S.K.: 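Dumping the structure here so I can ask a few things about it.
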Amino acid sequence: MTSLGLALLAAASLEQAHAAEAGWVVTGGLGGAVNEPGEDGLAGQVSASAGWHPLRLGGPELDLALLLPSGAAIGGRFTGQLRLTSHSLHGTGGAVSLVAGVGVEVGAGHEPRGVARLGLALDAPSSRRVSGRAEGMLHPAGPRGGTFDLRLVARLPGPLTRPTRDPLVWSAEPLCAWVPALEVVPGALASPDPPAAEEAPLPAAERAGPPPGPPLPPGQGLLVVVAWPGDVVRLGDVERAAGGDGVVELTWPAGPVEVVVSGVAGEARRWAGVEAGYATWVRLLGPEALQVRFEQGSSALDAEAVERLRQVAASAAGQRLVVQGSTSPEGSLELNDRLARERADVVVEALVRAGVPRETVYVAAPLVGAAGDPEALRSCRVTLVPADAVREVAP
Amino acid sequence: MMPWLALLGLIVAHAEDRVVVQAGQTPETLARSLGVPAEALRALNGLGPTDQPPVGAVLRVPGGGEVQAREGEVLALTGRGTLALGDGRSAALAVGQAVPLGAEVCTGPGSMATVRVRVASCSTERDDLLLHADTCLHLDAASSRPGERSTLVTVTRGSVSVQSADDVPGKVTVVTPSGVTVGDAGGYRVSIEAGATRTEAPTAPVSVIGAGRQVDLLAGQGTRVRTGEAPEAPVDLLSPGSPLAPAAGAVLRRPDFSWTPVPGALGYRVELAEDPEFGRLVVAELADDVRWSPELLFLDATFGEVWWRVTAVDRAGFFGEPSAPRPVRLPGTGGAP
């Protein structure tokens, strides 16, 4: 076999299209140098650079016979399958795997010319498609060889939600080359060529949702406090009221922080560790249950209990209230059952007078004859629950 | 193969390779499938011309041919673990660490790690071994020849999930004190119990060997093999529940996960990962109800997205087929303090 070399160089970058909804555009380049024609085709040599990631080129249908010895007609065809795979290149909806077919045609004659065609299909769980094209040209460098380059432009259907971390593999057995990992540089790169006709934007239904928020500032993490709606969340001097979903989100410097949540029935505290670049959820529900105490054998509310029930009513918007009366174990079951129900009724009426819609109050079966602290059992427990959870706590 | 392909820089090495004898295989059929001389295979393993190794025996495979060496790499780590090299050196486990043949990887309590075994040259061909908490895995052999990859590991404690990628079959053999599990397409899990090994094959068939007997599991089946006994009859694994909340693509503000109940389920396992293949698992928790609302949750916010799935576990301890992975987005940044 005569000496023959094929050096493949590849590069890829990721650009964000100028139109936000157009998502990301992958551009890649593939270059080769062909020289020293051989009797039986081309030999290849792969160049690899440290820090680059694997690219494999070729395929079961690869038939590379570009150049013949000097003076002979140059003709040949290069077809193959390229598979561009990144296991962590995530567009919205799934991992992206690009399957590409490549054809390079080399014209007859002493001056080689080349045309590369590339079709792309996106293999993603969401069945979103990516369209693309590639253009290539074989540049003559004398009758004994030349170089070719191939440029790839592909449009992903939506914004990437995360940059790639895995090697971007442009693959098929058995050739190997290398391509750098794609990096996402939002808005930093120029617009690509105008899209071809087949690159029409995808229907709105297939587009991605809005991109996530900006990256976290250096040295900061995201702290998400999960509380009851209306609870007040305090971190140091910062105070925020939980919204309708009971969540407060804050960027916070890395390090330990004490989270304090004040709810209708008191205060809860917990230390949380915030780490830079991480999101930490802390579920810290303010004491969700209010216990209204009664004198033994009594179902009368005192002034303090009425006031606390008024506070509960003011914070109960969007939630259900579960009321459960109970008694200490002394006495007969029948008597205690009636007493527990009376205590619940008294509490319900106080809540309704304070503005709570009656239909949002759920009265649970009384707790009678239970073991435990008799003082605590002479009570009525009022529990705030999310509106959709009542079914689960109902007797 | 075209002649120029020989110059492409593929690393061809005489790798240490091992193979487990499965039902119906002889040294001759094994040698033929491996592309090595049968005499050499017999000689290397001390087998006479008529000796038939028992089902489940691990044979060493002579080098040569187009066998490529492979090694492992720590792809992901949650918590902590150790890496012990064959030469007696050991180190704390870290992402990116090479796991050469003969090395042992152990995860600590509450920790998880993924070891990716890939062909030494550039390749998408790889097998991921996910070590669950308190697991030790010894990488015995890993090789690749045209059309097939082969990996053999020994698990001495804990639980390992196997995932294979690429179109080329990846045969991964997991040897435990009680038995051997051989699978060609990944997607199975091997767990060590007291005096037994449990194998679940929710997505692809595998073979389980114990005491010289082999039981072939269909996709969706599991079995248990007790030390010194043949594998038990296959059992059908539970079907997956349907995730309810959070919805696919939703922003994860309240970490309240819920799903539909699975008949016959004793409990559920909820998993969160950074990739839809669950190779980079970051959370695995058990729930005894159809919801999971963690008190604390800690996720890398760099990539803005995690995937979650749920698996039902039955009363015999078999984990069923996981639900389809669902992406959820991490919240954006809120106000600064």
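First the proteins, then the strands, lettered A, B, ... as listed; each starts at 1. This is a predicted model, so every value here is computed, not measured.
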S.K.: Is B:P294 in contact with chain A via its backbone, its side chain, both, or neither, using a 4.5 Å heavy-atom distance?
M.R.: both
S.K.: By the definition side chain to side chain contact (heavy atoms under 4.5 Å, CB included), identify the one residue from B:D256, B:L296, B:L297 that meets it with A:R283.
M.R.: B:D256
S.K.: Among residues at least two apart in sequence or on other chains, which ones pass side chain to side chain contact (heavy atoms under 4.5 Å, CB included) with B:T260?
M.R.: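 Counting only residues at least two positions away or on another chain, B:T260 forms a side chain to side chain contact (heavy atoms under 4.5 Å, CB included) with B:S242, B:L244.
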S.K.: Do A:W281 and B:P331 have side chains that get closer than 4.5 Å, going by heavy atoms?
M.R.: yes
S.K.: Residues two or more places apart in sequence or in another chain: which of them pass side chain to side chain contact (heavy atoms under 4.5 Å, CB included) with B:L286?
M.R.: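 With neighbours one apart ignored, the set is B:R269, B:F319.
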S.K.: What heavy-atom pair brings B:R253 and A:V224 nearest, and what distance separates the two atoms?
M.R.: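 It is O-CG1, 3.7 Å.
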S.K.: Using the side chain to side chain contact (heavy atoms under 4.5 Å, CB included) rule, take B:F298 and A:V274 through it: C-alpha gap first, then chi angles, then the decisive distance, then the call.
M.R.: CA-CA 9 Å; B:F298 188 62; A:V274 178; over 6 Å; no
S.K.: Could you report the tightest heavy-atom contact between B:D300 and A:G277, atom names first, then the distance?
M.R.: OD1-O, 3.5 Å
